[in-house]
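Here's the structure we're looking at; comments come further down.
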Amino acid sequence: MESKNRTIFQNQILIDSVPGLVSGVLYLSYILSFAFLIPIQYAFSAKGRKPGLITAATAFAIIVFGQLGRMVSSGIASFGLIASAVLPPALFLASMIFINGAVQAKRQSRRLLLAAILLSLISAPFVYLAVTDQAVLESLASMAVASFGGGSMSETLNANARLAVQAAAETIASAFSAFILWILAVSYWFGNRYASQMRMRRKASLETSPSQTALALADIRVPVTLLWPTLIVWASLFAVIVTKTSGVIAAAVTNAALFLGSLYAMQGIAILTHLANYSRIFFFIKVLLPLLFLVSVLNPTVGTIILIALPVLGITEVWFPYRNLKGA
């Protein structure tokens with residue numbers, strides 16, 4: 001009997017480790033690394049905290065061994081480079097564990113916001129050092145070349161890799177806090193949504209599920225207390241652009257502005273989702289919104305308009321109660 005229980009326990013661990021394996025492979029793929037937290041959130045939402053922790057531990061182990069293997073094969077392994085490769089996924093995984101430490105959806109959303117803020121503050125000095133250290137940038141370029149099998153003989157590939165890494169470094173320096181917020185928020189939403197679909201397929205109710213409740217997209221609301229800080233930060237960004245300020249101050253203001261703008265963009269999406277769900281007048285939004293996002297990816301001009309319109313829509317809900325309108 002004891003042997004049978006041990007076998008069942010081991011099999012369960014193996015089953016719980018599968019999403020972690022998927023997560024680790026996604027992170028190591030580079031191209032799909034932004035989605036590596038979705039299997040983690042799925043495990044927490046669909047199975048509960050203990051399986052979620054097993055999934056996160058498995059993902060971290062896969063990522064560590066994968067990064068070490070790449071560095072050793074490239075001949076560029078060092079303590080600093082290993083730490084820089086392992087620390088980001090570790091912090092993201094810790095953030096998902098922290099978010100899922102609460103059961104109620106509202107508390108999870110607050111923890112998500114707090115995790116994004118703390119992760120941004122922790123990452124700031126490392127990001128600054130990384131984008132200003134040429135040795136780190138050269139190492140990243142070498143890793144990129146090695147991962148594509150270019151070798152040291154391809155001068156064109158090396159030059160292109162350096163340019164790509166430099167461009168990515170500049171983008172990350174000015175918007176890494178917004179990236180962190182979107183990665184956590186989108187992973188949380190997709191993970192919960194997939195878990196919900198799986199529960200529906202099994203015809204299991206949310207009440208009997210071991211998972212936490214999830215915040216509906218249409219219910220997202222930015223705390224009113226962030227209104228004036230947001231307006232002040234946006235005014236500061238305007239001053240930075242007008243005066244052509246650069247350096248640490250410009251990067252800090254830009255990150256804060258994009259972070260807060262992302263929050264209100266999410267609220268804008270929530271408003272559109274609410275109107276599409278609860279008002280026949282706005283039913284076309286369900287079709288129009290995905291098309292607009294697709295066009296925004298293909299057309300930078302449309303993308304810029306949407307990136308401006310969504311935060312504006314979200315912040316104007318302070319004065320116009322879109323979700324409390326008659327018929328909505």
_Membership question, hydrophobic clusters at under 4.5 Å side-chain separation (ILVMFWY): are M96 and L114 in the same one?_
no
_Please report the interatomic distance CD1(I249) to OG1(T254), rounded to the nearest 0.5 Å._
11.5 Å
*Using a distance-only test with no angle check, is there a side-chain donor-acceptor pair under 3.5 angstrom linking Y188 and Q108?*
yes
*Could you pull out the closest heavy-atom pair between S95 and L119, with the gap in Å?*
OG-CD2, 3.6 Å
*Hydrophobic cluster membership, L227 vs F238, 4.5 Å side-chain cutoff*: no
*With rounding to the nearest 0.5 Å, note down the distance linking CD1 in I40 to CG in N100.*
10.0 Å
*Between atom CG of L118 and atom CD1 of I122, what is the distance when rounded to the nearest 0.5 Å?*
6.0 Å
*Interatomic distance, I220 atom CD1 to L112 atom CG [nearest 0.5 angstrom]*: 9.0 Å
*Between V318 and L226, is there a shared hydrophobic cluster once you connect ILVMFWY residues whose side-chain heavy atoms come closer than 4.5 Å?*
yes
*Does any non-hydrogen side-chain atom of R49 lie less than 4.5 Å from one of F44?*
yes
_Heavy-atom closest pair, residues S23 and F36_ = OG-O, 2.5 Å
_Side chains of R70 and F65, heavy atoms from C-beta outward: is any pair under 4.5 Å?_
no
*Compare all side-chain heavy atoms of F259 with those of V233 and state whether any distance is below 4.5 angstrom.*
no
_L181 vs M266, test: side-chain contact (heavy atoms from CB on, under 4.5 Å). Steps then yes/no._
CA-CA 10 Å; L181 175 62; M266 291 178 186; 3.8 Å; yes
_Non-hydrogen side-chain atoms of L313 and L272 separated by less than 4.5 Å_ = yes
*Could you check if a side-chain atom of I180 sits within less than 4.5 angstrom of a side-chain atom of F92, using non-hydrogen atoms only?*
yes
_Is it true that Y322 and T316 share a donor-acceptor pair across their side chains at a distance under 3.5 Å?_
yes
*Does Q41 use its side chain to pair, donor to acceptor, with the backbone of G191 at less than 3.5 Å?*
no
*Under 3.5 Å, is there a donor-acceptor pair between the side chain of S196 and the main chain of R193?*
no
_Which heavy atom of P19 sits nearest to which heavy atom of P39, and what is that distance?_
O-CB, 3.3 Å
*State the OG1-CG distance between T55 and L21, to the nearest 0.5 angstrom.*
10.5 Å
*Give the minimum heavy-atom separation between E317 and R221, together with the two atoms involved.*
OE2-NH1, 3.8 Å
*Say whether W319 and L260 are linked into one hydrophobic cluster, either directly or through other cluster members, by side-chain heavy-atom distances under 4.5 angstrom.*
yes
*Reference residue N255; test side chain to side chain donor-acceptor pair (under 3.5 Å); the match among S174, S120, S177*: S177
*Least distance between heavy atoms, R111 atom then F98 atom*: NH1-O, 2.7 Å
_Distance-minimising heavy-atom pair for I38 and S187_ = CG1-CA, 3.8 Å
*In sequence, state the C-alpha distance, the side-chain angles, and the governing distance for I54 and S17, and then conclude on side-chain contact (heavy atoms from CB on, under 4.5 Å).*
CA-CA 6 Å; I54 294 173; S17 300; 3.8 Å; yes
*Please answer: with hydrophobic residues joined when any side-chain heavy atoms are less than 4.5 Å apart, are L263 and W182 in the same cluster?*
yes
*Please test I63 against V86 for side-chain contact (heavy atoms from CB on, under 4.5 Å), starting from the C-alpha separation and ending with a verdict.*
CA-CA 7 Å; I63 291 170; V86 171; 5.8 Å; no
_Measuring only between side-chain heavy atoms, which start at C-beta, is S262 closer than 4.5 Å to F179?_
no
_Parallel, tilted or perpendicular, judged at 30° and 60°: which one describes the rings of Y264 and W234?_
perpendicular
*Got a second to check how far I183's CD1 is from F34's CZ, nearest 0.5 Å?*
9.0 Å
